[in-house]
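Written out below as structure tokens is the structure these notes cover.
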Amino acid sequence: MFATEGNAKCGPISLSLRARSCLLPAACAKLPVWRACAAASPQIKTKMESKDYKSTILLPQTAFPMKADLPLREPKFLERWDNEGIYEKIIERRASESAPRFILHDGPPFANGDGHIGHLLNMTLKDLVLKSRNMMGFSAPFVPGWDCHGLPIEHKVMQDKSKGGEDLTDPVAIREACEATARKFIAIQRGQFKRLGVFGEWETPYLTMDPAYEAEILRTFAKLVDKDLVYNDLRPVRWSTGCQTALAEAELEYDESRVDPSAFVKFPITDAASRLKLEALAGKPLATDASLFALIWTTTPWTLPANLAIALSPHLDYALFDGGEGTGVFLCAVDLAPKLPLADDRKVQLHGSTFKGSAFAPTVGVTTTSEGRKAAEFFAQHPFLDRASHFYAAEFVTAETGTGLVHIAPGHGQDDYNLGKAVGLRLLSPVDDRGCLSAECGVPELVGQYVFKANGPILEMLESKGLLLAKKDYPHKYPLCWRSKTPIIFRAVKQWFIKMDFRADALKAIGEVKWVPNWGENRIRGAVETRPDWCISRQRTWGVPIPVFYGEGGQPLMSGASIRAFADIVEREGTGVWFSTPDDVMAKRLGVYGAGRKGRDTLDVWIDSGSSHAAVLRKRGWWPADMYLEGSDQHRGWFQSSLSLSVASLAGDKDNPSGTPYKQVLTHGFVVNEEGRKYSKKDGALDILSLVKANGADMLRLWAAMQDYRQDIPMSKELMARAVDTYRAIRNTVRVLLGNLHDFDPAVHTQAQSAWSELDLYVYTRLQEVVRTSRAAYEAYEFHLAVQAVTRFCNVELSALYVDVLKDSLYCDAADDPARRSAQTVMRLIASTLARLLAPATPFTAEEIWDELNRHDAQSESIHLQLFPKADEAALSSAPALLERWTGLLALRSRVNEQLEGARRRKEIGKSLEARVEALPALGVQPDDVPLLRTLCMVSQFDIVDARDVTPSETAEAGAEIFVRRARGTRCIRCWKYDEATGADAEHPELCPRCTRVVTSLPAASVTAG
RNA sequence: AGGCCUGUAGCUCAGUUGGUUAGAGCAUGCGCUUGAUAAGCGCAGGGUCACUGGUUCGAGCCCAGUCAGGCCUACCA
């Protein structure tokens, strides 16, 4: 058996890799050479000469290939599912079972590009929810949707049109082009989502541009108008100068590395009364020739022309400071004065004592306006306009940066507006739609300048007047328009708003929703609590028009009734009718009298998607939905717009008093690259089609299922490779199970549990644990734990233990041996269980396994019509004792493996079947367990020996109770086990008794001469 | 600056209500196998469970603080 030095070069049987590399020249060490050498060896032929028993061995056979070829194989399943109408079939099946409903409402993606990896993650998670709920016995219909209106599409269309030199003024033409663009991308995305194996009503999705849907948007809007929640007002909004429209917060992105010029500006205090009051507060008079200033800080010098006031914190300490020669005395917060970036490191001198900012009452929200005005008789002079700038105390002023004195331009900031409103300031916003200063700014040289270009000239002007104390570049994040990428400005424009009067109701509804993960609740709560009135008008054409008319004096004419009248028209004709119908005709159709002209604004698209609770859910009787599932950015977006609109229009409903559109909200993080950063194009192709082509849908789905999606989700080639590894491990393990079922007909060969071996029962019990863990994980939407449980079971229990140990029985026992049939029974059960547990994650592969598993059954139906396996509670309840015993057995096996490895290293054995294990009584092995241990350790013999049989040196050397020796007897050529009785049969001199028995029972033809 | 989340092996993650020696997979190294073979098996190295303190008979887990990373809000006037 052992190769001698002489024939080692050609003896493949015992030649180790190490021996090879030692004995052969490097060039010959390559495998093909070695194989050729072995094939030519005469020894081999002699060995096989007697009889070829290989044909009597029941090796695995299966049509389930090792290589998945997912990109090629998956389309065939898609076609089959399409042909049999799998989605409809599932819905019908659950309906026939009177299954409870589970509604996952699809958040509509924008139809403005290819599906990318973010869509892939979101859609896969949705499908994991749907497929797993379906297999838990719920009826889980899925109506996908698309958000069709809005700036992203219109912007794209306008760019294309302007490139082509086309007309940009005809709203009807623009809308046609927008619709075509939306339809194009809906078709593309739909194809991609279907390709992922997502089941749903793909032929009848909901589109926010469908007339019926548009009508529901308007009807929802009408309800808000009925409740007097909608108003038209002049107030600052986020304005995109690039797109010339108001924007929602969710339509912004942030420039992380923007630098603006910050300026410390001196406002002269020339009013005698104000000067006297300040001297009194400081408790020390000023030199008569000393000039006095209020010092403010700003990062937007272009807003200075709109300055109407100065705000101070009521809580901060202020004082007058002497800046020394040429600077004068100025008012500044005490904590901030030393931090002023003065030239020459000049230090400021405190003049007199400090005083609280509350001296400049009113505090906004505390003091009434009339009293406030009276108290606020401090004022400074505007630095370059003939205007007083009054002092007020306001809570929002902080001591983080600046001077503690805030320049207030009510037309250019939210806080500024609120303060101005409280104290009765007018609204000045001398900037036009393009972001250029208008004549109202009061400085002729600046008129027509783009605001960010005007910063420089304004600073120069201040400097020339000696009113610029200091300037310093200030790096900060700054909001940009998500489409035109231009910096946004705050600008007062006449807009339509929704009053947040229902805020309390919204907050109450938030408390009734289950947020997963739970910090989502804080996030949306914060967003709703701080949200100012909702600016809902957009100066666009691709959207649902606000059906308002303006009378002669510009007064808006709109009512719930006129909106509903319009909705009824839209239901039939679509919203395009607003743009194609002359003003007077439209007014007449809506029954609006005294109307001058139609409004030109459209509704914020967040109203579109936020109305899906009405247009989709309520229409189908699905309101509220069981779940919304989107990325965490939607707390500010869809989660909030849906909640707001649903609560505002429907709170108090008898079946859903809180008016919430959803019972549960699941959120996921964003896909990032390996460094944890947002994905960029450099990181590789990320559109769904390329990803699917390269990996197959199941692989991508498995990747998605394996992630803890609550955090940001890293994606890279390496991490994808990990999913590939997992997939392969599962696939190969299942393949062995299937391969060993080649002669197993469940209807005929299934063995009762009472006939199973203890190993069968052990693995079966572990399987039940996997079922329990996995189901619980699906129920809690922790898909990665479900996948992990299955993977772990495949690797640890199946591949390394069960399958490995059972090979001898499966391959070499008689086909109908009860032990073999029992193992097959359990293996089939395992394969069937795993397939169903994996079906939501890898629907294609699961179906492929299911096909193979049910090849005997012509009636077999798709795995996606099945239910998840239920854990065998009886088995689990008796599990603890069994598992405890097996923990011991496997620990013993592990110790034996260590010793086998030692023997292998000493070149005493190769494969474990060449070994005999000797265990000392001290090890505590029960004699009854000896045959089981022999099987588990895959050795030819396992003996309990008296200590005296072991030489003292060995005992001392090993210090252990386990010894490995060469197996006794002769190797059976068929099963490779060593047995002293091998050769006892004259007919089969090279076989052990078991194999002799098996072979003898076979028809003679089965054994062929070699 | 405030709020929230996260920190366990080189990497990705498990770790049940606190309970013996903290586990998988991948990667690495060394072998075995050639009857799962572009597979499979074994062994090995690798962890002060971010750090510090506390509660407890006992802490990866509970509490407090520190540090690091991430997200959100405010970054503003």
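Please read these numbers as outputs of a predicted model, since none were measured by experiment. Order of the sequence lines fixes the chain letters, A, B, ..., with proteins taken first and strands second; residue numbering starts at 1 for each chain.
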Provide the distance between the two [atom1] atoms, one in [N] and one in [M], to the nearest whole Å.
{"N": "G45(B)", "M": "G7(B)", "atom1": "P", "value": "27 Å"}
{"N": "C61(B)", "M": "U56(B)", "atom1": "P", "value": "16 Å"}
{"N": "A14(B)", "M": "C30(B)", "atom1": "C1'", "value": "28 Å"}

Base-pairing assignment for [N] (Watson-Crick or G-U wobble, both under 3.5 Å):
{"N": "G47(B)", "value": "none"}
{"N": "U37(B)", "value": "none"}
{"N": "G7(B)", "value": "C67(B)"}

With a non-hydrogen cut-off below 4.0 angstrom, is [X] in contact with a base, only sugar-phosphate, or nothing?
{"X": "H784(A)", "value": "sugar-phosphate"}
{"X": "S799(A)", "value": "base"}
{"X": "R974(A)", "value": "base"}
{"X": "T298(A)", "value": "sugar-phosphate"}
{"X": "N795(A)", "value": "sugar-phosphate"}

Hey, does the side chain of [X] come within less than 4.0 Å of [N]'s phosphate (OP1/OP2), counting only N and O?
{"X": "R735(A)", "N": "U37(B)", "answer": "yes"}
{"X": "K67(A)", "N": "A38(B)", "answer": "no"}
{"X": "R636(A)", "N": "U73(B)", "answer": "yes"}
{"X": "Y53(A)", "N": "G35(B)", "answer": "no"}
{"X": "K54(A)", "N": "G35(B)", "answer": "yes"}

key: Which nucleotide in G15(B), C30(B), C11(B) has an atom nearest any side-chain atom of R905(A)   =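 The answer is C30(B), which lies nearest to the side chain.
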inquiry  = Counting only side-chain heavy atoms from C-beta out, which of A36(B), C32(B), G25(B) sits nearest to R904(A)?
reply    =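 That would be C32(B).
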request  = Would you name the heavy atoms of A841(A) and Y778(A) that are closest together and state the gap between them?
outcome  =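 Answer, listing the atom of A841(A) first, then Y778(A): N-OH, 4.2 Å.
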Cationic N near anionic O, under 4.0 Å, R904(A) to E901(A) =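 Yes, this pair counts.
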task = Please report, rounded to the nearest Å, how far the C1' atom of C41(B) is from the CD atom of E797(A).
result =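 Roughly 16 Å, once rounded to whole Å.
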query = Which sits closer to the 5' end of RNA chain B, C975(A) or S894(A), going by the nucleotide each is nearest to?
reply =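 Mapping each residue to its closest nucleotide by heavy atoms, the 5'-most match is C975(A).
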